[in-house]
J.: 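Below is one structure. I have some questions about it.
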Amino acid sequence: VQLQASGGGTVQAGGSLRLSCRTSPNIFKAAPVSWYRQAQGNQRELVARLPVTGSPDYADSVKGRFTMSKDYARNTVYLAMDSLKPEDTAMYYCHTFYRRDIWGRGTQVTVSS
């Protein structure tokens with residue numbers, strides 16, 4: 001498994017969660033990693049992207065609330081989600097392109113009002 005996503009759950013509005021996406025060392029060092037989400041009945045959308053070097057980019061809907069970061073010791077990319085809203089409810093997927101499209105298994109985030 002080249003991308004292992006975890007950390008979803010159910011929280012109340014205003015709460016926080018941290019998603020993790022563990023990769024292989026080759027991917028971690030050489031490829032950007034993104035988080036996408038797909039709410040029921042909606043298309044999959046890009047939430048945040050962390051390039052190999054430089055700062056992450058965020059969708060307007062999550063700017064100021066979500067933060068991507070890297071843990072070099074664990075080959076893991078995190079998505080810290082604060083001030084969660086019911087509209088953040090979705091299946092979240094991590095993704096990279098390393099020779100091909102690679103998707104992690106989704107992790108469900110549910111935010112209750």
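Only heavy atoms go into these numbers, but all of them, side chains included; no hydrogens, no water, no symmetry mates.
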J.: Clusters formed by hydrophobic residues whose side-chain heavy atoms approach within less than 4.5 Å: which one holds V77, and what are its other members?
T.: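 In the cluster with V77 are V11, L17, L19, F28, V33, W35, V47, L50, Y58, V62, F66, M68, Y72, L79, M81, L84, Y92, V109, V111.
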J.: How close do A39 and A90 get, counting heavy atoms only, and between which atoms?
T.: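 The answer is N-CB, 3.7 Å.
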J.: Judged by modelled atom types alone, do Q2 and R22 share a side-chain donor-acceptor pair under 3.5 Å?
T.: no
J.: Report the distance from atom OH of Y78 to atom OG1 of T67, rounding to the nearest 0.5 Å.
T.: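 Between Y78 OH and T67 OG1, I get 14.0 Å after rounding to 0.5 Å.
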J.: State yes or no: do W103 and I27 share one hydrophobic cluster built from I, L, V, M, F, W and Y residues joined by side-chain heavy-atom distances below 4.5 Å, directly or via other members?
T.: no
J.: Is a donor on one side and an acceptor on the other found under 3.5 Å between the side chain of T96 and the backbone of P32?
T.: yes
J.: Do T76 and D71 have side-chain atoms, one donor and one acceptor, less than 3.5 Å apart?
T.: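 No, because no side-chain N or O of T76 sits under 3.5 Å from a partner of the opposite role on D71.
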J.: Where do P56 and P51 come nearest, in terms of heavy atoms and distance?
T.: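 For P56 versus P51, the nearest heavy atoms are CA-CD, 4.0 Å.
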J.: To the nearest 0.5 Å, what is the distance between CZ on R105 and SG on C21?
T.: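 Atom-to-atom, R105:CZ and C21:SG are 13.0 Å apart.
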J.: Would you say T107 and S6 make side-chain contact, with heavy atoms under 4.5 Å?
T.: no
J.: With rounding to the nearest 0.5 Å, note down the distance linking CZ in R74 to OG1 in T23.
T.: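 One finds 13.5 Å between CZ of R74 and OG1 of T23.
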J.: Can you see which heavy atom on D101 is nearest to which on H95, and at what distance?
T.: OD1-NE2, 2.7 Å
J.: Would R44 count as a cation-pi partner of Y93, with NZ or CZ less than 6.0 Å from the six-membered ring centre and within 45° of the ring normal?
T.: yes
J.: Can you tell me if R49 uses its side chain to pair, donor with acceptor, with the backbone of D57 under 3.5 Å?
T.: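 Checked: no pair found.
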J.: Side-chain contact, heavy-atom cut-off 4.5 Å: T89 with Q108?
T.: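 The answer is yes; the side chains approach within 4.5 Å.
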J.: Looking at K85, R37, E87, which hits side-chain contact (heavy atoms from CB on, under 4.5 Å) with S61?
T.: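 Option passing the side-chain contact (heavy atoms from CB on, under 4.5 Å) with S61: R37.
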J.: Does any part of the side chain of F97, heavy atoms only, come nearer than 4.5 Å to the side chain of I102, both counted from C-beta?
T.: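 No, their side chains stay 4.5 Å or more apart.
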J.: Roughly how far, to the nearest 0.5 Å, is the OG1 atom of T110 from the CG atom of D88?
T.: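 D88 atom CG to T110 atom OG1 measures 11.0 Å (nearest 0.5 Å).
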